[in-house]
Amino acid sequence: MASPPPGHPQPYPAGAPQPYPSGHPQPYPGQPTTAYPQVPPYGATPPPGYGPYGPPGYGPGGYGPGYAAPPKQDGFAVAGFILSLLGGSVLAIIFGIMGIRRTRDGRAKGRGMAIAAVVIGPIWLVLQIVGAVYALKAGPASTYAVGDCVRISADGGELDDGTAPTLPEVACSTSHGGEVYAAKDLPGDSYPGVEELETTADAFCAAEFERFVGLPIEQSELTYYYIYPRGVGWRAGDHEVVCLVISPVDVTGTLRGAAS
């Protein structure tokens, strides 16, 4: 038998089993052969009929079959609830109603906060209206002017029960027990508080008392009383401190220069 040309493989003897290529095991008798798809090299375009690699039914960043994205918090419901806590009554109600509509049927989360905003918002609104009405009715702490005379009972009980701003004004030529001798407006926008106002009013009225009467308060039979605005009146624009000189007995005429 003739030899094959150089470079060609040597033939196997007749009847010898044909070898399988290196790296592939020989199948057992009766074992079915299965054809596997060839994986294209990295970066190559897959052949037609093949989609992107990955578990079936999952897209980039998505959820598997039968799973929906969880609902998110509704912004209007959250904003309405925060505004209701801060006293933003009207906006809290509007945002709360919008939040209730947007969270219907579980489309978004936050329905409880939206309902709370609708409940709390009107409470703030009522309180604000009541406060505004009270401020308008309260008016200034007093309407007295320097030189006005007022009638005070013998025991001076009006000075202890908080009704001093409503003491009846009378002509100074008639019998009376008190006279307004000094007044001034205090600066500032925010209410300074009762303690600070009392300290300021006391110092001011004590200094003005000596100028008006002619004697220090420690050496006089007369005394003084001051009126200052409360918080509601202050916010309504009344910043005035008023000083009244008080006589232990009713007098006629002014108390200016009473020391002499």
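All residue numbers in this chain count up from 1 along the given sequence.
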Using residues 170-184 as the side-chain source, report each donor-acceptor pair under 3.5 Å to any protein atom, sequence neighbours left out, with the distance given to one decimal.
unit_1 : atom_1 : unit_2 : atom_2 : d
Thr174 : OG1    : Ala171 : O      : 2.6
Ser175 : OG     : Asp250 : OD2    : 3.3
His176 : ND1    : Thr174 : O      : 2.7
His176 : ND1    : Val251 : O      : 3.3
His176 : NE2    : Gly253 : O      : 3.1
Glu179 : OE1    : Thr254 : OG1    : 3.2
Glu179 : OE1    : Leu255 : N      : 2.7
Glu179 : OE2    : Thr254 : OG1    : 2.8
Tyr181 : OH     : Cys205 : O      : 2.8

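Among residue pairs with one or both ends in residues 87-120, those qualifying as ring pair (Phe, Tyr, Trp, His ring centres under 6.0 Å) are Phe76-Phe95; sequence neighbours excluded.
Seen from the ring of Phe209, Arg211 does not count as a face-on cation partner, given the 6.0 Å and 45° thresholds.
No path of Ile, Leu, Val, Met, Phe, Trp and Tyr side chains, each step under 4.5 Å between heavy atoms, connects Phe81 with Leu91, placing them in separate hydrophobic clusters. Transitive grouping of hydrophobic side chains (ILVMFWY, heavy atoms separated by less than 4.5 Å) brings Ile152 and Tyr225 into a common cluster. Hydrophobic clustering of Ile, Leu, Val, Met, Phe, Trp and Tyr side chains at less than 4.5 Å, counting indirect connections, keeps Ile93 apart from Leu127. In this structure, Ile123 is not a member of the same hydrophobic cluster as Val126, with clusters built from ILVMFWY side-chain heavy atoms closer than 4.5 Å. Under a hydrophobic clustering in which Ile, Leu, Val, Met, Phe, Trp and Tyr are joined whenever their side-chain heavy atoms come within less than 4.5 Å, directly or via other members, Phe204 and Leu222 fall into the same cluster.
Glu221 CD: 12 or fewer foreign heavy atoms inside a 6.0 Å radius. Other residues, nucleotides and ligands contribute only 12 or fewer heavy atoms inside 6.0 Å of the CG atom of Asp189. Residue Gln219 qualifies as enclosed at atom CD: its count of foreign heavy atoms under 6.0 Å is above 12.
The shortest heavy-atom contact between Asp74 and Gly99 is OD2-CA, 3.5 Å. Between Trp234 and Pro229, the shortest heavy-atom distance links the atoms CE3-CG, 3.7 Å. The two residues Val118 and Gly96 have their closest heavy-atom pair at CG2-C, 3.6 Å. Contact record, Ser220 with Val213: OG-CG1, 4.2 Å, taken as the closest heavy-atom pair. The two residues Ala77 and Gly110 have their closest heavy-atom pair at CB-O, 3.2 Å. For the residue pair Ser84 and Ile120, the shortest heavy atom distance occurs at O-CG2, 3.5 Å.
Considering CD1 of Ile217 and CG of Asp202, their distance stands at 9.5 Å, rounded to 0.5 Å. Here Gln128 contributes atom CD and Trp124 contributes atom CH2; the two are 7.5 Å apart, rounded to the nearest 0.5 Å.
Looking at Thr200 and Val241, their side chains never come closer than 4.5 Å, going by heavy atoms from C-beta outward. Counting heavy atoms from C-beta on, the side chains of Tyr228 and Leu186 never come closer than 4.5 Å.
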